[in-house]
Amino acid sequence: DAGVIQSPRHEVTEMGQEVTLRCKPISGHNSLFWYRQTMMRGLELLIYFNNNVPIDDSGMPEDRFSAKMPNASFSTLKIQPSEPRDSAVYFCASSLVRTRGNSGEQYFGPGTRLTVT
Amino acid sequence: LAKTTQPISMDSYEGQEVNITCSHNNIATNDYITWYQQFPSQGPRFIIQGYKTKVTNEVASLFIPADRKSSTLSLPRVSLSDTAVYYCLVGDSRNTPLVFGKGTRLSVIA
């Protein structure tokens, strides 16, 4: 398997523009996670899907952020409108969750480095 | 969610064994303990996971005392390439995802 695939790898955009990040999880995995990482705040969980259904979106910063998972092999994270403070590395991860208490080994993608000017 | 506490940073010389301890006083009965490693400009990578006593794989060992309120990740004979941030996470019995803290930044010196 190619692992978790994310695109684009780098994105530079101007404030106010819409940004869409894409993720293809590992085939067979039933859970997908979107994270954001900055030096100041570390690695933050934004949203978590299980079987394509959003389970916990409490980490989504505000209404400007939205995430979808239309099928088991694709997810998007959209920021509209983008702001400079959204600049960060965004990671997508997938896992196979089997039992309670065990979130399963998460496989992370290479990340998308977003810069909003 | 069970909260974890681990040292912010550690230094070690090449060839030494490194032990990173993580505290998780309010761990729940069904929680697992998981460690991840992150290199610069990469996503975190799973290292090891355990529930109790000792777990060992080709990369590391994980020691968990009987009360499970702490755990220790042991890296044998570290090399420069082990320089990374190491995260300790504890699973929530409600099956919500693990939360990454600040991690421990390990610097291996030649």
Side-chain angles (χ1 to χ4, degrees), chain A residues 2-6 9-10 21 23 25-26 29-51 53-60 67 88-114, chain B residues 1-9 22 24 26-52 55 57-60 62 64 68 71 73 84-105:
Chain A
V4 176
I5 300 173
Q6 291 187 247
R9 295 293 307 276
H10 302 273
L21 310 181
C23 175
I26 292 173
H29 281 185
N30 60 4
S31 296
L32 183 139
F33 311 82
W34 281 101
Y35 292 89
R36 177 174 68 176
Q37 187 170 40
T38 61
M39 287 294 293
M40 290 296 295
R41 302 175 68 90
L43 196 61
E44 303 174 278
L45 176 66
L46 300 178
I47 187 169
Y48 155 54
F49 292 86
N50 183 255
N51 293 320
V53 176
I55 302 300
D56 184 357
D57 66 352
S58 58
M60 296 286 261
V89 179
Y90 290 80
F91 289 105
C92 174
S94 70
S95 72
L96 179 61
V97 177
R98 292 192 181 89
T99 63
R100 292 174 66 83
N102 177 4
S103 293
E105 176 181 344
Q106 293 186 33
Y107 293 80
F108 282 75
T112 295
R113 182 172 296 277
L114 173 65
Chain B
L1 291 175
K3 181 179 170 59
T4 61
T5 302
Q6 54 184 125
I8 294 175
S9 64
C22 178
H24 28 81
N26 59 340
I27 187 170
T29 302
N30 293 329
D31 285 351
Y32 283 74
I33 300 158
T34 310
W35 286 79
Y36 283 79
Q37 173 192 57
Q38 186 178 24
F39 297 115
S41 301
Q42 294 185 26
R45 183 175 71 103
F46 174 90
I47 301 176
I48 197 167
Q49 184 177 74
Y51 183 80
K52 62 180 179 181
V55 180
N57 61 22
E58 65 277 7
V59 177
L62 178 60
I64 305 168
R68 305 201 324 123
S71 59
L73 175 73
V85 178
Y86 292 82
Y87 297 94
C88 165
L89 299 88
V90 176
D92 186 352
S93 60
R94 291 174 298 165
N95 207 28
T96 53
L98 305 179
V99 176
F100 285 80
K102 296 294 187 182
T104 297
R105 186 174 298 276

Side chain to side chain, B/Q38 and A/F108, heavy atoms closer than 4.5 Å: no
Tell me, for B/Y87 versus chain A, whether the close heavy atoms (under 4.5 Å) come from the side chain, the backbone, both or neither. side chain
Could you tell me the separation between the NZ atom of B/K102 and the CZ atom of A/R41, rounded to the nearest 0.5 Å? 8.0 Å
Please report the shortest heavy-atom distance between B/S41 and A/R113, naming the atom on each side. OG-NH2, 4.4 Å
Could you report the tightest heavy-atom contact between A/F91 and B/Q42, atom names first, then the distance? CZ-O, 3.6 Å
Side chain, backbone, both or neither: which part of A/E44 has a non-hydrogen atom closer than 4.5 Å to chain B? neither
Would you say the side-chain atoms of A/Y35 pair up with the backbone N or O of B/F100, donor to acceptor, closer than 3.5 Å? no
